[in-house]
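Comments concern the structure below.
Just the heavy atoms: all of them, side chains too, but no hydrogens, waters or symmetry mates, feed the values below.
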Amino acid sequence: MHPTSLMMTTSLMTIFLLLAYPVLTTLSPAPRAADWALTQVKAAVKLAFFVSLLPLFLFMNEGVEAIITSWNWMNTLTFDVNLSLKFDHYSIIFVPIALYVTWSILEFAAWYMHADPFMNRFFKYLLVFLIAMVVLVTANNMFQLFIGWEGVGIMSFLLIGWWYGRADANTAALQAVVYNRVGDIGLILAMAWMATNLNSWEMQQMFVTAKNFDLTLPLLGLIVAATGKSAQFGLHPWLPSAMEGPTPVSALLHSSTMVVAGIFLLIRMSPLIENNPAALTLCLCLGALTTLFTATCALTQNDIKKIVAFSTSSQLGLMMVTIGLNQPQLAFLHICTHAFFKAMLFLCSGSIIHSLNDEQDIRKMGGMHHLTPVTSSCLTIGSLALTGTPFLAGFFSKDPIIEALNTSHLNAWALTLTLLATSFTAVYSLRVVFFVSMGHPRFNTFSPINENNPMVVNPIKRLAVGSIIAGLLITSNVIPLKTPVMSMPPLLKLAALTVTILGLMVALELASLTNKQLKTTPTLAPHHFSNMLGFFPPIIHRFTPKLNLVLGQTIANQLIDQTWLEKAGPKALVSSNIPLITTTSNAQQGMIKTYLALFLLTLTFAALLVSY
Amino acid sequence: MSKIQQTAVNMAGVGFRKWAQALTKSKGTGISALLSGCRAASGGSKGSLPGSYPTTPEEKAAAAKKYNIRVEDYEPYPDKGEGFGDYPKLPDRSQHERDPWYKWDHPDLRRNWGEPMHWDFDMYIRNRVDTSPSPVDWISMCKQLFGFIGFMLFMFYIGEKFPSYQPVAPKQYPYNNLYLEKGGDPEKQPEEVKNYGI
């Protein structure tokens, strides 16, 4: 075997083993060491990251991609399901990034959760989640992808509901599971269609045999799956609710890795999507609607984690727009750069929240730049990267997306919404930075707020480095598969920057008004729309469960009993027999004319029968 | 029979009688009632089961007492053959609306012991339907949300009709606008097609 592919296979198997080993050691009855989380789990992830750099460098140097089929799992005469791992450029780049981000988050979580009595279990859950995510990303067939898909969904449920004594956390975990399940309907539909029509779940066979089919139905299923997992409009409320979980969970699952699984699915299936204009238009419009809607909701939120959650949702909408532009590689680039700065934003939020004695309301923060300068600087760097500041990480992914959107002969309204959402991004990012870092503290003095603990600062610094250089590194080492449009009018080229600066200026103007008491601000209807998340959760979460539960209760208590007793059972016997009985007994009262009439009737019938 | 044997028979008779008494009078269930004759303090007694629809004021008062409600608050479900019996019709308010700071007996359910349970109690727990008043009324919320969605769908439709980045001129291909490839006559001279110059 060629040494390069041998090395690649070996290193990837090593990564799996390194990640699985700490989980398997938990099966033994011996108790874990007190610092098991830090020494075993974090070290495993860190080591796995460095091992994963080997395939990355091999890929960047030689362009080696590998598909490893290692185990015949379920094989019938006509259908094969194998353990098949695909290390193409998407998974080779994503795995090191995921491991790097996870390493930073685990180090941070060791500080954040140090007072938790079940910290070891927390780390175990995070590790199982990571394994499921790597399984999802490296899957070469739909079955394995589904295993990873469900795995991340279940771990998300367990981690959101980590503080299970809290009813709101339980509700949020339930929301995550139910909304993801609705998306799973689409995925299973697509898988069933593929199994019956394309006769395989292996990606290569699917792409080849699908050329002659009308793929609208399975693609709709895949888009529904992505809507559920990646919180697109319609199935989005679970993502802001998921902020009930601890901040490391929000940083890992609900910003960098799990929520991009839906987009990743569409990227994997991009050879199927690219020839179906209906699917592309749906992705474009859905993504544009999502990105604007969630950016609008983020404008008036006061919980710092909710703002970052909505910004995640908005960026996921942007990724969906990119899929709709038939640019899967750009979407993937945005996934990678987004992982860095979003995870960093969450870690900074977590650090600030913990420092302020678990205060999450930005109206009660302020002046953090004097108290935690590194954290607030990194918050600013992350916000700048998010808004697409030139030459930070977000710029290399966000700007090409906007340029591609501007130069595409596509839905103008989608373009308008995306540009509006880009400016809103600048607005709420400035709002966060203004309320948290700038100005004077709006909280009571606590025991000294500091950044002396390296376990807090080092992960944030590492992710800051990533937020600055990741975009440059990836774009300069990966050759794009689709030629980007290079020449366009200057207005289109600078459109993203222009709208961002406009948004920033508006936000600065509004922020400066907070210091001046000109007149009382009225409560406007758009404020309610934005603050109550478009009224989507109040309406849907009250109406739909009530309808279903009342219907279920009525069916179980009344309809079934009524049917079995009154319509199909004992009373039905009575009600169906009584007319017969009355008719028969009425006819036999002993009246001669009844008998004569019946006699004549019978005679007529017999005559008719004989004649015909 | 000797005196000892007589005593044994007497004791057996006494034991048998006690056992028979326990069996008839006991209120527990199953084997425990049979063997020990003691009854549990919990569990519903026969008088606590729901009964038929109350027609007279005395029945209403008895039902209210059974369900631990005041007589003036007691309102049974209307007798439409749906099978509610004398179960009280409590206001359709979910547990979200109850005081979160009061020291309930069951803090997660926000309920005290002995409180009458709503017929749809499982629907009104804190993980499910919330009936607490919203800052904006229901009609207004529905109008705004569905108006927003309808507006967006309409504008997407308009956007499909008028896409962005319109081309300025028809596309111009090389080789005389692909004259031969499009099936043109090789003998005839094709006419010049020039939509734009570079």
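Within 6.0 Å of atom CH2 in A:Trp564, 12 or fewer heavy atoms from other residues, nucleotides or ligands are found, so the atom counts as exposed in its surroundings. Counting heavy atoms of neighbouring residues, nucleotides and ligands inside a 6.0 Å radius, atom NZ of B:Lys65 does not exceed 12 of them. No more than 12 heavy atoms of other residues, nucleotides or ligands lie within 6.0 Å of CZ in A:Arg181, so this atom counts as exposed by the packing criterion.
If you measure heavy-atom distances from A:His409 to chain B, the contacts under 4.5 Å come from both the backbone and the side chain. Within the 4.5 angstrom heavy-atom criterion, atoms from both the backbone and the side chain of B:Asp130 approach chain A. The part of A:Thr281 that comes within reach of chain B is its side chain, from C-beta onward, which places non-hydrogen atoms under 4.5 angstrom from that chain. Residue B:Phe156 touches chain A through both its backbone and its side chain, counting heavy-atom pairs closer than 4.5 Å. Interface residue B:Ile149: only side-chain heavy atoms are found under 4.5 Å from chain A. B:Trp119 touches chain A through backbone and side chain together, each having a heavy atom under 4.5 Å away. At a 4.5 Å heavy-atom cutoff, the contact between B:Tyr124 and chain A is made by side-chain atoms alone. Contact of B:Phe84 with chain A is made through the side chain alone, with heavy-atom distances under 4.5 Å.
B:Glu97 and B:Thr131 share a side-chain donor-acceptor pair at under 3.5 Å. Side-chain N/O atoms of A:Glu403 and A:Thr407 include no donor and acceptor closer than 3.5 Å. Side-chain atoms of B:Tyr67 and B:Asp86 form a donor-acceptor pair, as typed in the model, at a separation below 3.5 Å. At a cut-off of 3.5 Å, with distance as the only test, a side-chain donor of A:Ser241 or A:Gln175 sits close to an acceptor on the other residue.
Heavy atoms only, all atoms of each residue included: A:Ala176 and A:Trp238 are closest at CA-CB, 3.7 Å. Summarising the geometry of A:Phe233 relative to A:Thr227, their closest heavy-atom pair is O-CG2, 3.9 Å, with the distance given to 0.1 Å. A:Thr171 approaches B:Arg126 most closely through the heavy-atom pair OG1-O, 3.5 Å.
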Discussion item. Using ring pair (Phe, Tyr, Trp, His ring centres under 6.0 Å), reason through B:Tyr53 and B:Tyr77 one step at a time and then give a plain yes or no.
Written reply: CA-CA 8 Å; B:Tyr53 182 77; B:Tyr77 279 94; over 10 Å; no
Worksheet entry | A:His236 and A:Phe536: CA distance, side-chain angles, deciding distance, ring pair (Phe, Tyr, Trp, His ring centres under 6.0 Å) verdict | CA-CA 9 Å; A:His236 65 278; A:Phe536 191 97; 4.7 Å; yes
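Taking the charged nitrogens against the carboxylate oxygens, B:Glu59 and B:Lys66 have no contact shorter than 4.0 Å, which rules out a salt bridge.
The candidate with the highest count of non-hydrogen atom pairs below 4.5 Å against chain B, out of A:Ala525, A:Pro538, A:Ala172, is A:Pro538. Counting heavy-atom pairs closer than 4.5 Å to chain A, the top residue among B:Ser164, B:Pro167, B:Gly159 is B:Ser164. Each of A:Leu292, A:Leu174, A:Asp561, A:Asn406 has some count of heavy-atom pairs under 4.5 Å with chain B, and the biggest count is that of A:Asn406. The residue among B:Met152, B:Met155, B:Arg128 with the most heavy atom pairs within less than 4.5 Å of chain A is B:Met155. Looking only at heavy-atom pairs under 4.5 Å with chain B, the residue among A:His541, A:Gln562, A:Met532, A:Met488 that has the most is A:Met532. The most heavy-atom pairs under 4.5 Å with chain A, out of B:Tyr165, B:Trp138, B:Phe162, come from B:Tyr165. Among B:Glu82, B:Lys161, B:Gln166, the residue with the largest count of heavy-atom pairs under 4.5 Å with chain A is B:Glu82.
Of all residues spanning residues 282-291 of chain A, those with a heavy atom less than 4.5 Å away from chain B's heavy atoms are A:Cys285, A:Ala288, A:Leu289, arranged by number.
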